[in-house]
Amino acid sequence: MKVDVLLGLQWGDEGKGKVVDVLTPRYDAVARFQGGPNAGHTLEFEGKKYVLRSIPSGIFQHGQVNIIGNGVVLDPVLFKQEAEELEKSGVDLRSILRISKKVHLITPTHRLLDAANEKAKGGKKIGTTGKGIGPTYTDKISRNGLRLGDVFHNFKEKYSALRQRHLDQLKALGAEPQDLEALEEKWMDAIVYLKGFSIVDSEFLINQLLKEGKSVLCEGAQGTLLDIDFGSYPFVTSSNTISAGACSGLGVAPNKIGEVFGIFKAYCTRVGSGPFPTELFDATGKRIRDLGHEYGAVTGRERRCGWIDLVALRYAIMLNGVTQLIMMKSDVLDGFDEIKACVAYKIKDVETRQFPFSIDESIEPVYKTLPGWKTDMTKMQSEDEFPKEFKDYIDFLEKELETPITIVSIGPDRSQTIVREKK
């Protein structure tokens, strides 16, 4: 057996949580392979709304194993809050969730460092969520990190050493830690709570599942254009968000990857700082934001909105080896007379279809305008009901991206999902 990978192709917030929930019945296990609690995977069904930060989005289905892999960074306090809310809603989390011993822990001082580092940048802020994710990945790479498995091995010594290191760094940044003892008390209480879960060597677990012929879906967080290597650096996240990240973030060999599901919105959004070539600053951008409820699921931050960027999408498809595309929030564009799609960039009067080394304000998007479908699609049950203009939009995208669109979302509920026949 091979693992399938599901990930975002834009700047995150593409709707990965909903799709994982929809696809989970096909799989025996769902595994998250990177990112931290800055993820906000929103799921809606049976009139209820759930936001998952660190826990995989497969927990609401039929008792499948859900795994938090080694590539994830975990905040014990936020994990405890999230887990307790799920348990109150009736999810038997302890029976289905497995957590890698090798996940790196976000400590209270990591969060203080995150805030201090952003403040030190002045007018060049990255726009992080302030949850300590960047500093935790920094410690991981510099070999100073604290892993979940360390709670069973000289934990107090390791924690004290890391804590002192962070206090020295905060002092150098001119930051004075506030209420640290109270934060640590809450954090230590969450560590005790975490120890009540099944903490495993997840790389062995996943490979054993594959050996037994079980199917595994790997869930990514954030989006391809936030990848630490291939995204819009330095306005990126601190991990590899592309499909290759599933290999290092779960301990899966490259030849074990099967289908790669790439998720994108029918338009484009971005949260925080950084370049965004197709961003709309007019009433159309505001209309998309309002219709799409484009506000961060975790942070509540207003998302920047714009037309779909096919230059960036082609790049993301190439990097990930996408085999199937999933288009989200098509219904948000139901009322528009015209739909625009960026098919190329113009840089210093030279047109290109390649994603450049650096995207900045000098890029001029080259648009193709298509007729809108002016139809409410939210109650449609099959693609046969789609208006001609929407079918034409799908055909146009498939030709431009050279990849089939096999699933179309026409609303937030899991039932508002149309599976298309492969051509």
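Judged as a side-chain hydrogen bond (donor to acceptor under 3.5 Å, both in side chains), the pairs with a partner in residues 133-145 (not counting sequence neighbours) are, in order, His110-Thr136, His110-Asp139, Asp139-Arg165, Asp139-His166, Ser142-Asn144.
Annotation: cation-pi geometry not satisfied between Lys391 and Phe386 (NZ/CZ under 6.0 angstrom from ring centroid, within 45° of ring axis). Cation-pi geometry between Arg94 and Tyr193 is met: under 6.0 angstrom from the ring centre, within 45 degrees of the axis.
Counted by atom type alone, Lys346 and Thr352 present zero donor-acceptor pairs between their side chains at under 3.5 Å. Looking only at atom types and distance, the side chain of Thr24 has no donor-acceptor partner in the side chain of Gln64 under 3.5 Å away. Looking at Thr406 and Gln324, their side chains do bring a donor and an acceptor atom within 3.5 Å of each other. When only modelled atom types and interatomic distance are considered, Ser215 and Asp28 share a side-chain donor-acceptor pair under 3.5 Å. Between the side chains of Thr241 and Gln34, not a single donor N or O lies within less than 3.5 Å of an accepting N or O. For the residue pair Asp227 / Thr237, no side-chain donor-acceptor distance below 3.5 Å is found, with atom types taken as modelled.
Residue-environment remark: CD (Glu212) exceeds the threshold of 12 foreign heavy atoms within 6.0 Å. Residue-environment remark: NZ (Lys80) exceeds the threshold of 12 foreign heavy atoms within 6.0 Å.
With sequence neighbours excluded, no residue forms a ring-ring contact (aromatic ring centres under 6.0 Å, His included) with Phe230.
Counting heavy atoms from C-beta outward, Gln354 and Tyr345 have side chains that stay 4.5 Å or more apart.
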